[in-house]
Structures are given as C-alpha cells and as structure tokens.
Amino acid sequence: MIHPQKLIKRFQWPTPSSLNQTTQLHAHFIISGAAIPHPLSYPSTAHLSSRIPNPSTFYYNTLIRAYSRFHLPHLSILIHRQMITNAVPHDSHTFQFLFKSCSLPSMSLLHDDARWVFDGIGMKDVVSWTTIVAGLARAGCLDDARKLFDEMPERNVVSWTSMVSGYSQAGRAAESVEFFKKMISDDVLPDTVAMVAVLSACGQLRDLGLSKWVHQYVIDAGIGMSDNLAVALIDVYAKCGDLNSARQVFDLNGWKVLPAWNALIDGYCKVGDVDMARSLFDQTEVRDLITFNSMICGYIQSSQLKQALHLFVELRTSGFQPDKFTMVGLLSACANLNSLDQGKALHAYIEVSSIVFDVFLGTALLDMYAKCGRMDEALLVFNRMRDKDVMTWTAVISGLAMNGKGKLALEHFALMRKLSIRPNAVAYIGVLTACSHSNLVEEARKHFHEMTSLYNLEPEVEHYGCMVDILGRGGLLEEAVKLIDSMPIKPNAVIWGSLLSACRVYKNVDVGEKAAKNILALEPNEDAVYVQLSNLYANSGNWASASKIRRLMEERGIKKTAGYSSLSVAGQVHKFIAGDRCHPEINEIEAMMNVMAKKLKLAGYLPITSKISVDVNEEEKEQALFLHSERIAIAYGLMRLGASLPIHITKNLRVCEDCHIAIKLIAKIWNRKIVVRDRSRFHHFSDGQCSCNDFW
DNA sequence: GTAGGGTTAG
C-alpha cells in the first residue's frame with residue numbers, strides 16, 4: 001500500500017485544505033482496509049462502501065471530490081454510480097464535485113453522469129448553473145456556455161464573471177470587455193474578482209484608455225482594493241506601457257505584495273528600462289522564481305547577456321531550481337546569439353531535469369536550433385512535440401524559410417492549415433519569407449492575397465516588405481513600385497530598402513534614386529542607404545555619382561557600419577572585423593588566408609571586383625575582398641575546429657556575391673560544411689553548393 | 001464540503 005504522505009507528495013497538493021481532503025480520503029481506505037487504487041488501474045469500488053456503516057451523502061461527496069482532485073475522474077464516476085445503486089440522495093454539492101471531475105481535460109465535457117444529475121435530478125440552483133456555464137467557458141465552448149447563460153433563470157456576479165473570464169481566456173478579449181459592460185448595465189455590481197477578470201482582457205488588448213476607465217470604475221463604484229486587484233492594475237498598466245500609472249498603484253500603501261513587485265519589475269523590463277527594474281529587484285526583501293525569471297528575461301531582451309548570466313548564477317545560489325520560464329529565456333538568448341553549444345547544453349539539462357516539456361519550451365528549443373542553423377535538430381524537436389500551436393508551426397516555417405528550405409516551409413504551412421490551425425500575421429511573415437528566399441513569386445502572390453481573403457488578416461508593413469522584396473528580386477520593379485503606391489499604410493525604410501537593393505541588382509538608377517530619397521527622408525543617418533546607392537551607381541558604371549555619394553557621406557559624418565563575423569570555438573566567441581589585425585593569432589590566420597587564396601586561384605576562382613565602388617585599382621580591390629570578415633572567420637575555423645566539425649559563422653551584414661562564390665569553393669576544397677547566418681538568412685555551404693541556390 | 005481571477009515565456 002502506498003503511504004498517504006507519499007501520494008500527497010507525488011501529487012503536490014498545494015493548500016492545507018486539499019491536504020485535509022486527501023487525509024479524509026485515505027482515512028477511508030485505512031478504515032476499510034482496502035488498498036489505495038493505483039491511478040492507472042480503475043478498480044471497481046463496489047467493496048468500499050459496504051464496509052462503512054450508513055454511508056451518507058456527505059461521505060460520498062467527499063470521496064467524489066477527493067478523486068476529482070486526484071485527477072481520477074473515472075473513480076469519481078464509479079463512486080457516484082455506487083451512490084445511485086445504494087439510493088443515497090444527491091445534493092447540490094454532489095453535482096459540483098462530479099461536474100468538476102468530469103470537466104477535466106481528460107474527460108468528455110458534460111459527462112453523462114454529470115448531465116444526468118443536472119437534467120434528471122434537477123440540481124438547478126444558481127451555483128449548479130454557474131458550475132456548468134463556467135465549465136463550458138473554461139473549456140472554450142463559449143457559444144454553448146453563452147446559450148446556457150442566457151437560459152439561466154437567475155444570475156449573479158459569479159455567473160457573469162465566468163463568462164467574462166471565459167472570453168478572455170479564449171483570447172476573445174474584446175467580447176470579454178463587452179460582456180463586462182453588459183454586466184454593469186444589467187445592474188450587477190462587480191466585485192474585485194470580476195474586476196481582475198476584465199483587467200486581464202484589457203491587458204490582452206493593450207488598451208490604455210480602456211484600462212484607465214476600468215480603474216476609474218473601481219474607484220467610482222467603491223469596489224475597494226485587494227492584493228490581486230492591485231496586482232492586476234499594475235500588470236495592465238505595465239502591459240500598456242504606462243509605468244507611471246503602474247507605479248502610482250504600487251505606491252499606494254499596503255499593496256506591495258510580491259506579485260506586485262514582480263509585475264512592476266516585468267513592466268519596466270518590457271519598456272526597456274532594465275536599470276529601473278534592477279533597482280526595484282534590489283529593493284525586494286523576498287524574491288521568488290518569477291522575480292528572477294522576469295529580471296533575467298529583461299536583461300536578455302536588452303541584450304545584456306552577461307548580467308542575465310550573473311543573475312542566473314544568483315538564482316541558483318539562492319536555492320532556486322530553474323524552471324521552464326528560465327529555460328525559455330535562456331534558449332531565446334542562445335537563439336539570438338547563434339550559440340549552438342550553449343543551446344545544446346541547455347537542451348541536455350532540460351532532458352535530465354524534471355522540467356515539464358510543454359509547447360512553450362518545445363517551441364523555444366526548436367527556434368534555438370533553427371536560428372543556429374540546425375534545421376535537422378529543430379525538426380527532430382518539432383516531430384517529438386505532442387502539442388503544437390500557431391507559434392510552434394510559425395517557428396518551424398520561419399526556420400525552414402531562413403535555412404533555404406522554402407518548398408518544405410510551404411508544405412508545413414499547408415499541413416498546418418489542414419490541421420485547422422489558424423495562421424496569424426506572424427505565420428504569414430514566415431510564409432512570405434519562404435517565398436522570398438526560394439524565389440516563389442507566384443506562390444507569394446497567392447498567399448499574400450489569401451491572408452486577407454481567407455483569414456481576414458490585414459497585411460502589415462512587414463508583409464508588404466516581404467512582397468516588395470520578392471517582386472524586386474524577381475526583377476518586377478514596376479509591380480513592386482505599384483504595390484508600394486497602393487499601400488494603405490506608410491511604407492517604412494525597410495520597404496524602400498528592399499526596393500533599392502533590387503534596383504542595384506537590376507541596375508535601375510531612376511527607381512533606385514527615388515527609393516534612396518525616401519529612405520533618407522525617414523532615416524537620414526542610415527549608412528546602408530549611402531552605400532547601396534553608391535554601389536548602384538558603381539554597378540552601372542557611373543563612378544562620378546558613386547564617389548559623390550561617398551563624399552556626401554563623409555560630409556555628413558556618416559560612418560559605414562563595420563562588417564564583422566564571429567564564430568565560437570570551444571565555447572569562446574571570436575569576433576573578426578574586416579581588415580582588423582587585433583587577434584592574438586593574426587599571423588597564423590594570415591598564413592591560412594594566403595593558403596586559402598592560393599587554393600582558390602588553383603580551383604579557378606576569379607574575384608568579382610565590380611561590386612567595389614571605391615575608385616581603386618584592380619589589385620587593391622582584390623585585396624579588399626580577401627579581407628572580408630567572413631573569410632577571416634572561416635580561416636580561423638579551418639585552423640582551430642576539428643576536421644569533422646561544421647564551421648558556423650554569424651555575420652552582421654549580408655554576404656557579398658564574391659564571398660559567396662569563394663565560400664562555396666572553400667567548402668568543396670576542404671570538404672567542410674560551412675554555415676553562415678547573415679543578416680537575413682542562412683547559407684549552408686557544402687560540396688561546392690549553397691542551400692540558397694545562389695539566390696539571396 | 002459547493003460556482004468566477006491570479007504577476008514570468010516561445
């Protein structure tokens with residue numbers, strides 16, 4: 001027989017009252033001398049009640065409730081059937097417990113037994129009605145819940161709140177607020193719980209005006225404050241970015257409970273004020289895992305990775321175990337840093353730890369692998385995941401797109417739709433990126449159209465950006481310009497930038513000048529524009545204009561962003577800047593680069609010097625190409641990484657055409673896999689080929 | 001022994 005304490009531990013009962021329940025349950029087993037049923041075997045309980053003299057309704061109710069809490073709905077139902085056999089009368093509690101048990105996710109909603117009590121025996125007081133309505137709402141069956149709600153002969157705050165929070169939890173925040181407003185116009189006075197429910201909907205909507213109105217309502221209606229309401233207000237203000245109002249609520253005396261601190265710290269992190277968040281963090285007398293997680297994620301999102309790591313160590317020395325929130329934060333840091341090694345270490349840690357592997361964690365893990373260029377690993381994680389939602393699918397689609405598997409990305413998109421998962425705007429960015437990187441113009445047009453016609457999603461700047469990019473790369477400059485002119489929203493610098501780079505490829509000076517003018521109006525200090533425009537002139541042989549732009553750049557004091565590449569060797573990140581000789585092993589690196597140059601020449605490599613717009617002689621141009629940072633990084637990788645290891649490079653700018661040709665050859669000559677993550681995508685070089693099929 | 005909420009993530 002399993003000792004009750006062990007069982008309690010196993011199920012991690014959180015509150016003293018549930019401990020009482022468990023004790024009562026086990027008291028029954030101990031008195032009756034029966035073995036405690038194993039959760040996986042659903043034994044007959046026929047023998048149980050026969051040993052207890054005159055089992056009462058209360059006694060049965062307690063058992064049904066305890067089993068429900070143990071997540072053993074089948075046993076609850078067995079006990080209930082016994083109750084019927086023994087002709088023990090029901091009361092309204094019987095119904096609550098039975099229904100609660102039957103509305104567990106593992107059971108079909110409104111199980112026959114619960115339905116029978118509700119309909120057949122007629123436990124139709126407000127509480128029973130509300131139980132059913134709330135159960136349906138929680139399960140996301142809002143239309144059913146609504147129907148039943150409308151049929152209710154009598155409703156109270158709790159019934160209304162069940163609906164408000166049902167809509168909010170289903171992500172239908174606007175309807176949730178509507179319902180709340182209907183509630184007040186129905187003269188039902190909300191209490192603090194109702195206010196918390198509606199505030200959660202306001203938070204989803206990020207609607208500051210609405211939130212302020214709700215706050216004012218709390219004051220005007222004299223609802224009063226509670227810990228939870230104060231936390232909800234702080235949280236909603238933080239979500240809307242109004243940290244001053246959040247602070248005001250926080251500073252009201254008496255509501256500085258830990259969740260309030262946490263909500264405020266998180267709020268400051270979200271608006272990017274990590275310093276203020278840290279100062280609050282340091283003022284907390286008690287901290288929990290949430291305090292640490294919020295602060296760590298705040299550091300990660302502001303790219304202060306060292307600080308994040310420090311705090312992670314502090315979290316552990318404070319006696320906390322990292323949980324899934326911690327892991328998701330750290331994984332996203334690895335994804336953005338392209339730190340495959342560290343990401344793998346986290347993966348290994350997750351495997352051996354007791355952290356529950358859920359959709360969030362799975363998505364973060366697969367995203368990390370995808371963003372580190374390991375689509376094979378990412379797909380393994382993806383296929384292993386039991387639950388997948390829009391974000392999961394989006395991560396895999398975008399990952400495939402970035403890694404040059406456009407067709408496969410679109411296949412996944414089709415599969416996702418087949419599984420009735422509704423794509424959102426972000427998913428469509430992934431889809432369009434896939435089209436862009438695989439040159440699928442026709443597909444792109446189709447999907448761009450469908451996002452509105454099928455899913456009623458308004459294209460955002462990013463979607464237009466992808467389309468302009470796709471059309472531009474395909475040489476359809478006129479159509480791209482037409483699309484920009486037809487946009488209902490103001491085109492941003494990125495869109496004009498895509499057009500400009502297309503103009504450079506197709507040598508269209510007129511449209512290019514127009515694009516450049518528009519970018520400079522929006523971002524006068526954007527160095528890339530000057531460079532691109534000057535390259536465009538150079539490409540079309542107009543050296544005078546090219547150098548004029550260069551001079552303009554100098555006059556305005558705009559410096560070209562230095563290109564750099566980095567790679568990680570044994571956990572240490574090495575950063576290389578074009579032409580930079582600071583690395584301690586620079587002599588060996590240069591020797592290796594000379595070997596590279598010789599071998600490339602033997603393999604028939606001819607540098608493309610026309611892309612260099614500065615007016616210098618051919619030999620100097622050739623030299624400049626050889627000093628591109630990615631080549632230095634590759635040389636270092638060849639020197640220091642074991643021959644069987646792929647070389648993973650991260651670059652802050654795009655790979656130039658010449659380097660692309662050279663790296664393909666290097667991969668063939670050295671028989672190495674080389675993966676370059678540039679500003680917009682991945683290049684997987686192997687055996688003289690690149691995954692992008694020379695299209696980027 | 002009955003119904004409604006509740007701060008951190010991809």
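We name chains A, B, ... by the order of the sequence lines, and we start the count at 1 in each one.
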Can you identify which nucleotide, out of [options], has its nearest atom closest to the [X] side chain?
X      : options              : value
A/S332 : B/dG10, B/dA9, B/dG4 : B/dG10
A/F58  : B/dG1, B/dA3, B/dT7  : B/dG1
A/C297 : B/dT7, B/dA9, B/dG1  : B/dA9
A/V127 : B/dG1, B/dG10, B/dA3 : B/dA3
A/T131 : B/dG4, B/dG10, B/dA3 : B/dA3

What integer distance in Å separates [X]:[atom1] from [N]:[atom2]?
X      : N      : atom1 : atom2 : result
A/M183 : B/dG5  : CE    : P     : 13 Å
A/D288 : B/dT7  : CG    : C1'   : 9 Å
A/N228 : B/dG5  : CG    : P     : 11 Å
A/L258 : B/dT7  : CG    : P     : 13 Å
A/F360 : B/dA9  : CZ    : P     : 8 Å
A/F357 : B/dG10 : CZ    : P     : 16 Å
A/M195 : B/dG6  : CE    : C1'   : 15 Å
A/D191 : B/dG6  : CG    : C1'   : 14 Å

Tell me whether A/R287 forms a cation-pi arrangement with A/F320, defined as NZ or CZ under 6.0 Å from the six-membered ring centre and within 45 degrees of its axis.
no

Within residues 388-399 of chain A, residues whose heavy atoms come under 4.0 Å of DNA chain B
A/D389, A/M391, A/T392

How would you label the contact of A/V359 with the nucleic acid (heavy atoms, under 4.0 Å): base, sugar-phosphate, or nothing?
base

Which is true for A/V133 with a 4.0 Å heavy-atom rule: it touches a base, it touches only sugar-phosphate, or it touches nothing?
nothing

Near-ring test A/F413/A/W393, centroid separation under 6.0 angstrom:
no

Mind checking whether A/Y237 and A/H215 have ring centres under 6.0 Å apart?
yes

Presence of donor-acceptor pair under 3.5 Å, side chain of [X] and base of [N]:
X      : N     : value
A/N293 : B/dA9 : no
A/S162 : B/dG4 : no
A/N262 : B/dT7 : yes

Between [X] and [N], does any side-chain N or O lie under 4.0 Å from OP1 or OP2?
X      : N     : answer
A/K270 : B/dA9 : yes
A/S200 : B/dG6 : yes
A/S92  : B/dT2 : no
A/K239 : B/dT8 : yes
A/Q96  : B/dG4 : no
A/R65  : B/dT2 : no
A/Q169 : B/dG4 : no

Using the ring pair (Phe, Tyr, Trp, His ring centres under 6.0 Å) rule, pick out the option among A/F325, A/Y299, A/F312, A/F281 that qualifies with A/F292.
A/F281

So, does [X] use its side chain to make a donor-acceptor pair with the main chain of [Y] at under 3.5 Å?
X      : Y      : value
A/T57  : A/P89  : yes
A/N403 : A/G399 : yes
A/S398 : A/T394 : yes

Contacts of type salt bridge (charged side-chain N to carboxylate O under 4.0 Å, His left out), residue A/D150, not counting sequence neighbours:
A/R146

Between A/S279 and A/D282, do the side chains contain an N or O donor and an N or O acceptor separated by less than 3.5 Å?
no

